There are 2 protein chains.
Amino acid sequence: MQDSFTYSSLQVNNRVYIKNPESSTLGRKIVESSINLMDKIGYEAFTFKKLGFEIHSNEASIYRYFESKNKLLLYLTSWYWSWMEYKINFGLANIPAPEERLEKAIKLLTEDIELDGSFEHISKYKLNRIVIAEASKSYMTKKVDQNNKEGFFSCYNQLVGRLSNIILEINPTYKYPHMLITTLIEGAHHQRFFAQHLPLLTDEVNGEDAITEFSKETAFKAIGAIRPSK
Amino acid sequence: MQDSFTYSSLQVNNRVYIKNPESSTLGRKIVESSINLMDKIGYEAFTFKKLGFEIHSNEASIYRYFESKNKLLLYLTSWYWSWMEYKINFGLANIPAPEERLEKAIKLLTEDIELDGSFEHISKYKLNRIVIAEASKSYMTKKVDQNNKEGFFSCYNQLVGRLSNIILEINPTYKYPHMLITTLIEGAHHQRFFAQHLPLLTDEVNGEDAITEFSKETAFKAIGAIRPSK
DNA sequence: CATTTATGATAGTAATGCTATTATATTTGT
DNA sequence: ACAAATATAATAGCATTACTATCATAAATG
């Protein structure tokens, strides 16, 4: 991914934060460190107090940026999905055939995100791990309806909408484009987690990225389309 | 489901509880009420103190049955999966053709569980809702590996293993039987949740159970088998 | 009916998830 | 250059959570 992509958080709903973390050094440090810390100790053990300690600041200061750790998680996942959409837009820019577009999109959505050596503001590698392991905690909540009403899931909704349209371009009569996309995205994430922690729930296939391969294969068969030859 | 099915918890790993809740009135009340309360207020807000109040007992007594609310959730989900396995075994008993077995199994796994009028000890309707909304919190945890080593997910592992075998009976060369099963089970659960709370992520199709239909269709296409005619 | 065993009542503790207050920097507008 | 506004740091406090411990009483059992 190019550095030309400005990490503005314009695409993230501005009601998930109290003060835009991109607007100050402290804010950026909060986001950056929250990714490291949450990836390391997990959402449950993660607290603003610990984060405050990590960044040599304190709890109260973090609360001026985010109302709660759930909102912070919402911020991180929204950011991830809008980054992913950017990445997909960029990756599909020169591909006209919808079959190829779909295949590429599925690859980008389901592939393993590698540890990048570069010292970026936001570690995509860790953020991907957080999305895999913790994102569901942002919406599997008694506040979903309220949060949804406020538009906190719009990044994800929008991405799913666009991908559904590609499917409909390929097969306009396919009845379940949204289901297929969300099932494959969440499914791929689950499979990554299972591969690491609950291996009996997944399939080991060496010499390929089985998860991405499974996702592509399942998608094309489901919509009754022929996969572009490699 | 017959009442002849004894609700013994033999199939649930005995290390998820301290004292078997099926062994006493209080224990059964704990399980029964925990389902009602957790369904009502959600896993996060659920506490042993509140549960104690509900059953006119107290916190300390509940802690004699379950070490933590995470273990209680593990108990409930394990119970659910072993009940589901029983239900599937029962439902497939007289079906010889693997295609029909698979179709029936997918139906049982993904269908909406209706509110049953009968006053059963354990409400399958609510338990299903808990599994949909909260089950992932039982394993999306920094303790997964340890919990898995102790066999806390064996009910689910076993069920997935059996269903994979049906797939392999139909198509012995299919490479991703476990992935397909888990993707469809978790996927169907997600879709039920989305249909209620995040409708843009799913597809509305009237006049049928779209989620079960999608699951069946996707499964048969994925393994390249022909669906049994209805 | 003596003794385990199960439950209830109460208390206590460290940590969590905040809010509030005040002091001190830092930025800014004039 | 300086006053005013704004951002951050430091500290305290509070209700709740997630437990553990203790002791009394009730129920079951041998």
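Please read all numbers here as calculations on a predicted model, not as lab measurements. Note on naming: letters A, B, ... go to the chains in the order of the sequence lines (proteins, then strands), and numbering restarts at 1 for each one.
Going from atom CD1 of B:Ile62 over to atom C1' of D:dT20 covers 15 Å, rounded to whole Å. If you measure from atom CG of B:Leu26 to atom P of D:dA26, you get 17 Å, rounded to the nearest angstrom. D:dA28 atom P lies 12 Å from atom NZ of B:Lys19, rounded to whole Å. With rounding to whole Å, B:Tyr65 atom OH is found 13 Å from C:dG8 atom C1'. B:Ile30 places its CD1 atom 10 Å from the C1' atom of C:dT7, with the value rounded to the nearest Å. Summarising the geometry, the separation between CZ on A:Arg28 and P on D:dA7 is reported as 14 Å, rounded to the nearest angstrom. Computed from coordinates, the B:Phe53 CZ to C:dT7 P distance equals 20 Å when rounded to whole Å.
Separation of the A:Tyr86 and A:Trp83 ring centroids does not fall under the 6.0 Å cut-off.
The closest side-chain donor-acceptor pair between B:Ser24 and B:Tyr65 falls under 3.5 angstrom. Judged by distance alone, the side chains of B:Thr212 and B:Asp209 do bring a donor and an acceptor atom under 3.5 Å apart.
Using bins of under 30°, 30° to 60° and over 60° for the plane-to-plane angle, the ring pair A:Tyr156/A:Trp81 lands in the tilted bin.
For the OP1/OP2 pair of C:dT5 and a distance below 4.0 Å, the side-chain nitrogens and oxygens of B:Ser24 include no atom meeting the criterion.
For B:Glu44 and A:Lys137, the salt-bridge test fails: no basic side-chain N is under 4.0 Å from an acidic carboxylate O.
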Inset, instruction - Sugar-phosphate atoms are those with a prime plus P, OP1 and OP2; base atoms are the rest. Using that split, label each nucleotide of nucleotides 9-24 of chain C B, S or - for protein heavy atoms under 4.0 Å, 5' to 3'. - result: BB-----SBBBB----
Inset, instruction - Could you walk me through whether A:Asn70 and A:Tyr43 pass side chain to side chain donor-acceptor pair (under 3.5 Å), step by step? - result: CA-CA 9 Å; A:Asn70 195 264; A:Tyr43 181 73; 3.2 Å; yes
